[in-house]
Structure formats: C-alpha cells, structure tokens
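Working notes, beginning with the structure itself.
From a predicted model like this one, the values you see are computed outputs, not experimental measurements. Note on naming: letters A, B, ... go to the chains in the order of the sequence lines (proteins, then strands), and numbering restarts at 1 for each one.
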Amino acid sequence: MREYDFHSIEPKWQDLWEAEKAYRTEDASDKPKLYCLDYFPYPSGDGLHVGHCRNYIPTDVISRYYRMKGFNVLHPMGWDAFGLPAENEAIRLKKSPREITRRNTANFKRQLKLLGTSYDWEREINSSDPEYYRWTQWFFLLLYKRGLAYEKESEQWWCPHCKTVLANEQAKDGKCWRCGTAVEKKQLKQWFFKITDYADRLADDLDTVDWPERIKIMQRNWIGKSVGAEVVFEIVSASDSSRHPVTVFTTRLDTIMGATFLVLAPEHPLVQEIVSDGQRADVETYIANAKTKTEIDRMSTEKEKTGVFTGAYAINPFSGEKVPVWIADYVLMGYGTGAIMAVPAHDSRDFVFAKKYGLPIRQVITWPGVTYEESVWNDLYSEHGSLVNSGRFDDLTTEAAFAAMIAEGQEKGVAKAETNYHMRDWLISRQRYWGAPIPMIHCPTCGTVPVPESQLPVLLPDVEGYEPSGTGESPLAGIKDWVETTCPVCGGPARRETDTMDGFACSSWYELRYTSPHDDKVPFDRAKVDYWLPVDLYVGGAEHAVMHLLYSRFWTKVMYDAGLIGFTEPFARLMNQGMLLSYDGQKMSKSRHNVITPDEVVEQYGADTLRLYELFMAPFEQEVAWSKEGISGAHRFVKRLWELGQRSIDASHGELRPARIPGFELHINKLTKKITEDVEKFKFNTAVAAFMEYFNFLSGIVRADETVLSTVEWQSGMHQLLVLLAPFAPHMTEELWQEYGGVGSIHRQPWPAWDDSKLVESEVEVAVQINGKVRGTMVVASDSNDDELEKLALRQDFVVKYTAGHIVKRVVVIKGKIVNIVVQ
RNA sequence: GCCGGGAUGGCGGAACUGGCAGACGCACGGGACUUAAAAUCCCGCGGUGGGAACACUGUGUGGGUUCAAUUCCCACUCCCGGCACCA
C-alpha cells in the first residue's frame, strides 16, 4: 500500500499532460462544442490567491466533465496585460512594463498549472503583444469608419492618483474604480466610442441571454433609458433683453402648465449671458462654490438643495407664462440638456427647492379620491392622473396630454419626443504609456486621419521614461521620434495621437481571438468563430457588471453590424462566483496580511484537496470565508479515499468473485445521476457531499466484511467512482487509474451513464404522521399502492396507540413518502 | 430613497414540484489505539425535560392557506450587494 504522496503525484501528471498536449483543442470535430471561458485575468504582481481559484477550479471541472461527455471543449487562457498596476510597478522598480508583465504572466501560468487546470496553452494570448493589439487598433479603426469613434473636448473624470481620465462607469461614487481616489473634473479633448447609439439594443438583447438576473438589472439601470420630451423655452436676458432658447428634457411634459420656474446647471453655458447685473455677484459666487465641491458632496442626496436666482425669466412655450430662471447644482450638466423645467407640485426635488426659496407651487394633476395639499410632499403627487389648471389640456389623462402636447409642440417647433439615457459614451483615451496606442494621426492640413490598416500595428515605442506627466498629456507626447510622423493622406509632417486606449478595449474582443490566436492576416478566422462562438459558459466575478460586460456586448454588436460575425451577444450563459473571504472574514488583501495563496495550500495539502475544498465549502455563487479546519477536512477525505483505492487495487490482483452487495447498484447509480446533474447546475458543493456520502457507504461495507474488496461488483463500483471523481480531483484519480492498469488517461474515459431502473429500491421507508406529526416509520414494498399503504399504516402499533378512542377522519397517502392520518 | 439577494444547529451549509428539517463537512464531547501526545479509527451531537422509552419545541418576527409549510400568500425586522438629485 502506497502513501498518498501528492508532492510527487501532482507535478508528475501535470508535466505529462503538458508534454502530451493532453488538453489541446481540435478546431474541427463532429462532436458538439462547448466554449467555457474565464474572465480575462489581469496578471498582477501579487499573483493568484485562493479566492481567484474559485473561478478557475469550477471551470476546470466543467471543462473536464464535458470532454468526458464527448464534447469538443474550448477552454483557453490569456492575459489582459495592459494596464496601470504593471506600469506603476515598472516605474517603482525602474523596469519596463513589458518585463514586469512577462514576469507576472509566467507566475500566473505557473500557479494555474499548480491547480491541475486543463487549459489549451497553445492558445495563450496577451493583449500587450503587438500581434494582439494590432487587431485592437484595427477594431478602433472599424469603429471610426462606422462613425462610432469621435474626439470631443469636454469636462471629464480625472483621477489625480492614476493621472488619467476615466470613463463614467469607472468613476464609482465619485471615486476611481481602481485606486479609490476621489475623482476631479478636467477639461480635455478625448476619444469616445459611441456606445449610446447601441443603448436600446444593449438593453433589449439582455432578454436573450442566460445571465444572473442581478447583472441584467444592473445593466438595465446603468443604461437608464428614459422616454420623455425636449421642450424649448425662451429666456429673456436680464441684462440686455436678448432672447436665448434653452432646451429642457422632461419625462412629464404633461405637467408643463405647472412649471413655475426653470433651473439651469451652474455650468450651463447660457448662464453668463442671461444673468442680471444685480444677481451677477451671487451667481458668480455660487458657481465658484459648486466648482470646489467634490463630486461626492455634490452627488449626495442627503445634502440640502441650494440655488440662486439669475434675475432672468423664461417664457413657457405652451402658456406664454413668464417664470424665473434659477441655477442649482441639483441639476447636472451631464444629463439631458443641463436644464429643467421645475414642476414643484409633482416632483419631490422641485418641491423641496420651491419650499425653500418660496417659489410658487401649482397643482396641474388630480387623482380620484386624493386631495392635494400644498404644504407637504406626498409621493402620490408624482403619479399619473388627469389634468387641471392646464387650460385647453384640462381633463385629459396624463398620457393623452403628453401626446397632445407633443403634437402641438412639434407643429410649433417648441417640443419633440426624446429619449435620454443614463449611460454616456465610452471615454477610451488614457494619458498613460502602457496601453494600445490610438491609431490616429493629426495633420495640420488634413485634420485627424486614421492610420492605414497596412501600417498597423502602431507600435508602442520602447523608451526609458514613461512616467505620467499629470498635465493631461500622455507620456508618449514627449517621445519626439515617435510622435513626429507623416500624414498618410498628404504626406506632409504630422503628429501621432499620443493617448492610449482604455484596457477595456482590449478585453472587448478577446473571446474571438482564442479561436485563431496566431492568425496574422485577420483578427479572427470567421469559420472558427462561427463554430465556437458565442461563449457557452462565461465565468467570473460580479464586479464587471457594467464595465467589461457592457463594452464587450457593444463591440459584438458593432461587429455584427459590420458583417464580421453572425451573432449579437458574445456570452450566452454567465455565472458569477461568490467572493472568498479570508479566515478572518475580511476581504483578502496584502495590507491586511491575510492573503492565502494556492502555493501554500498546495504545498501543505495538494491541489486535489484545494480543489475539493473550494468546490465543497459553499454554493458556487455564494460568498464564504476560508476555514483552516475546513481544508483539513477535505484533505482527510482525499486521504481516506486514496487508502480505500489502494486497498481495492491490492485486492484486484487476485481472483474476483461475484457477490451480491445490498444496495450497491442503487448507490452507484444514484451517485452517477447526482454528480451529472449537479455539475451541469454548478452545484459542486452538493456533488462533493455526494462523493463523501458514497464513500461512507463503501467504507461501512468494508468495515463489516473486508472480503468484499475482491468482488467483481466492488471493483467496478470503485472504477466508476474514480471516473466520476476525475474532473474534481484529476491527479489522484489519474494515479489510481494507472495503478489499476487503466488504459489511457482517466480524463479520456467516457462519462458514465446511470440506469434509471436501478434507482428503484424494492423497499422504502415511509413516515407515518398523525395529524401532521411524525409518530413513526414503516418499511414497505416500494410498489405498494395507496390502499395497501393506508391499511399497513393503520395496523402499526404506534398508530393504534394514537388513534385509540379517536375517529379517523381522513388518511392522506403520498406514495413512497408519507401517510398522514387525520383523527377527530 | 430605489432595485436586487439573503436570514436554517456552536460554524459552513443540505432539503426534488408543499411531504420524516438539519444530508455532507467542521468544531465539540465520549471511547479505542499509545508510556504519552499527535495522527488514525469508532460512537454521540438543534433546544428543553427524562436514566431510558419518549414528550414538547424548533428554519429572522407576526399572521394566513393546507391533512401537511424552510418551501405558497400577507405584513414586518435585520443583514449583504448595486444604483443614487437622471428631471
């Protein structure tokens, strides 16, 4: 009997699998296909911790399982290698980001191998490789050609720590998504992708994918579709009586007769032109104040609303009424038109503002049975109803009034239907070195022109220094040789665009690249993409709900529109693994000194133990804390199993005799069914529990009679157990399989089927209840009918005892489960 | 504030479509082995009462439906996540 020496077993098989290219994926096959993909990992210098393994272990189980089931499985891995941490680390260590990245990816790969994963490493990709980012640039040009990439000067989120701008969804709660620093606003000329053009499709197509509802809702909220109208008011300047049209966005055009004032965002360009001399000082002070506020302060809904009167008045295009124009920072320049019509009677925010500054409140909507009270806000007041105090629109329902006003407004040219989105265009310029250069050239005569496809890639120059300037200009701007180029149109001197692309651009198409990772003619081979895509199973954390997952969907739709691919959603099924907290219940982090690495766990217990433990500890989607005792329990199980395997192998050498082991066939068939169903449903925790249960059943039998080991049934049961366990614990099962003299790798064995007829037990235990309380059980033939069950139950001693002196009113029989006797 | 998700022993969790709550693991207690400890193996383990048989009670709280509720319905409490002045 051999000791369980995982230190030698695991590396042995890992090396052999690698040498034999055991997990290489075929491109053409008659088998059904399965594309199982992990989120594109960013190879940080810290390496993997056991939390990351909660992603890679389950996808490995799935991949191994489907291979055994006869699927052609694509399970690749690569590196989202461009990005700030590598660049910052490089600056700190005075090395090149390329070198840092090489070191980090090598470490990640080593760690993934340590877990016994079955990636096809021949398909490894790296987004910072020119062979890859050449095509990222190619896609940039595709978007540009399709009018979906544009340059615009505007105020943008700026992270003073990362020294770069951020896209809207990357500035969460006024903080940088990466480093948590409070973001500022900076006026800069930047490149954008017009993701808003796809807002409706991005929202609608969510119905077609099998994703967690939570993620779909987050995306819908983020897109934030809002159907309403734009209305033009005319503001009469208080200083020179000039007239200035101002457009407001409203979802409640029907309430326009109740608009008692207008509010502009403090940054609204019209403010300067309309403000009265008397109010100018106050207005200037207010604007200056608003600027110094952090976005966190400004966005807080707790904060009291403030504002200042401009001295100017606007004319309501529907009533001709003159209403005062205010500025207030509760109106955001970035949403809608930066100006609103305030209807305090029917909007809680306008109500609060009107109360504070003594502005008039006029009810224009009524509801049957509701009395409007001007002094206090009631949430009902924002409900739909019918109109009053609205002249020719009186008595219409809100919906009818809306339609009538649109019609009238369109005729007069003062209003039109309009839809707004919370989502903004995707700002992709980054003022940092370590990214894919934006393939554009600025020519003094021809303007901004794209780099011709034939000149791709625009290589990131190798340079000494690339520290961010912090001025809003990329470090590439300082590299004269690189910046100075010739215009591809006129041949004259021109300058390269010096910003690089957001790393999320690189990860917006990578799932396609795995199908033909080394193709140097096209970004992907259409036939292969047609075969493999969409991704059948995409697995990663929930943190990318509105970033990567939205961007990627957007690019996919653009490619579809360009005729490059034949599908509109890249990821058919999405699963989010739960977070793994450290043993202290805290998030694992370097600063808390509670990081657990797979290296240390594998060293102490082996990869198979780590795998089983992570699969067992909690449901896949659920957050759970690491337990030092828990992992040793998993290790105990692995060792016991190893020992039983060894004893079985020893017993297999002699003559085998047939035997009838009660329940044996039932158990192995039950196990097979359970494991198969649980794996497909991602219920790995109960699958592992089922293995443990089966093991307990087996060891009970051996304890009672050791000679059972050398029976035909035992040996075939043991074989099947190993095959079922192979995706979970690939090393030990392979080792035992080989010791058994199994032919080929256990990982190429066909997945066992179960026999439904063997699942039927001849006898079952049925619980007997009196008035819903279990008073005992009885063992009956499983094919007993209701009548027999009822009679049998009534004959039980404990039933006689409880029913004595009572009248049996009713007997409920649930076959094979329960008999409930209702008395008196 | 709005939108999601959740609450089951000392702990992680299990329970098909309403049918014996607590599978499996951990921790803990007892025993075996050992000079001893660790490891290993065996037994026990929701709470209360009881020597035991057994009884009562128990899935966040309060109601309801049902022969039967962790599961369905109504009201509420707390926790976690996301969004947050979006007009």
* Asked: OP1 or OP2 of B:U57 sitting under 4.0 Å from any side-chain N/O of A:K773?
  -> yes

* **Given B:G12, B:A68, B:G4, the nucleotide with the shortest approach to the side chain of A:N820** => B:A68

* To do: Provide, to the nearest angstrom, the distance between the NZ atom belonging to A:K815 and the C1' atom belonging to B:C67.
  => 20 Å

* Does the pair A:E621/A:R214 count as a salt bridge with the N-to-O cut at 4.0 Å? -> no

* To do: Kindly say if A:R810 contacts the phosphate of B:C67, meaning a side-chain N or O under 4.0 Å from OP1 or OP2.
  => yes

* Scan A:Y802 against the nucleic acid and name what it touches under 4.0 Å (heavy atoms): base, sugar-phosphate only, or nothing. => sugar-phosphate

* Output the single nucleotide from B:C16, B:A27, B:A15 whose closest atom is nearest the side chain of A:E629. => B:A27

* Structure fact -> As its Watson-Crick or G-U partner within any shown strand, both distances under 3.5 Å, B:G10 has B:C26

* Asked: How far does the P atom of B:C76 sit from the matching atom of B:G9, given to the nearest Å?
  -> 25 Å

* Could you measure between the two C1' atoms, the one in B:C24 and the one in B:G63, and give it in whole Å? => 35 Å

* To do: For nucleotides B:A27 and B:G10, find the distance between their C1' atoms and express it as a whole number of Å.
  => 7 Å

* Looking across every strand, which nucleic acid part, if any, lies under 4.0 Å from A:D350 by heavy atom: base, sugar-phosphate, or nothing? -> nothing

* Asked: Which nucleotide sits closest to the side chain of A:I217: B:C3, B:C20, B:G13?
  -> B:C3

* Check every strand shown and say whether A:G224 touches a base, only sugar-phosphate, or nothing at a heavy-atom separation below 4.0 Å. => nothing

* Asked: Would you say the side-chain atoms of A:Y421 and A:D200 include a donor-acceptor pair closer than 3.5 Å?
  -> yes

* Structure fact -> Which of B:G13, B:A84, B:C85 is nearest the side chain of A:H422? It is B:A84

* A:K674 or A:A339, whichever maps to the more 5' nucleotide of RNA chain B -> A:K674

* Are the charged groups of A:E614 and A:R54 less than 4.0 angstrom apart, N to O? -> no

* For B:U65 versus B:G13, give the span between their C1' atoms, rounded off to a whole number of Å. => 30 Å

* To do: Whole angstrom is fine here: how far is it from CE in A:M778 over to C1' in B:C20?
  => 13 Å

* Structure fact -> The residue, A:V822 or A:K801, whose nearest nucleotide of RNA chain B is more 5′ is A:K801

* Asked: How far does the P atom of B:C83 sit from the matching atom of B:U70, given to the nearest Å?
  -> 37 Å

* Taking a pair as Watson-Crick or G-U wobble with both distances under 3.5 Å, which nucleotide is matched to B:A75? -> B:U61

* Asked: Will you find, in the side chains of A:R775 and A:Q796, an N or O donor that is under 3.5 Å from an N or O acceptor?
  -> no

* Counter-base of B:U48, judged by Watson-Crick or G-U geometry with both distances under 3.5 Å -> B:A55

* Asked: Is it true that the NZ or CZ of A:K628 lies under 6.0 Å from the centre of A:Y583's six-membered ring and within 45 degrees of the ring axis?
  -> yes

* A:R636 vs B:A27: side-chain N/O to OP1/OP2 distance below 4.0 Å -> yes

* Taking the P atom of each, how far is B:C72 from B:C20, in whole Å? -> 16 Å

* Asked: For B:C2, which nucleotide is its Watson-Crick or G-U wobble mate, given both distances must be under 3.5 Å?
  -> B:G82

* Give the minimum heavy-atom separation between A:V248 and A:T337, together with the two atoms involved. => CA-OG1, 3.4 Å

* Say you pick atom P in B:C79 and the same atom in B:G46; how far apart are they, in whole Å? -> 30 Å

* Between P of B:A84 and CG of A:L332, the distance in whole Å -> 11 Å

* Asked: Among the nucleotides B:C20, B:G12, B:C24, which one has an atom lying closest to any side-chain atom of A:T777?
  -> B:C20

* Structure fact -> Ranking B:C24, B:A87, B:C54 by distance to the side chain of A:F616, first place goes to B:C24

* Considering only atom P, compute the distance from B:A7 to B:U71 and round it to an integer number of Å. => 11 Å

* Asked: Base, sugar-phosphate alone, or nothing: which one does A:Q769 contact when heavy atoms must sit under 4.0 Å apart?
  -> base

* Are A:R424 and A:W157 in a cation-pi setup, meaning NZ or CZ lies under 6.0 angstrom from the ring centre and within 45 degrees of the ring axis? -> no

* Phosphate oxygens OP1/OP2 of B:C42: is one of them under 4.0 Å from a side-chain N or O of A:R703? -> yes

* Going by a 90° cut-off around 0, is B:G9 syn or anti? -> syn

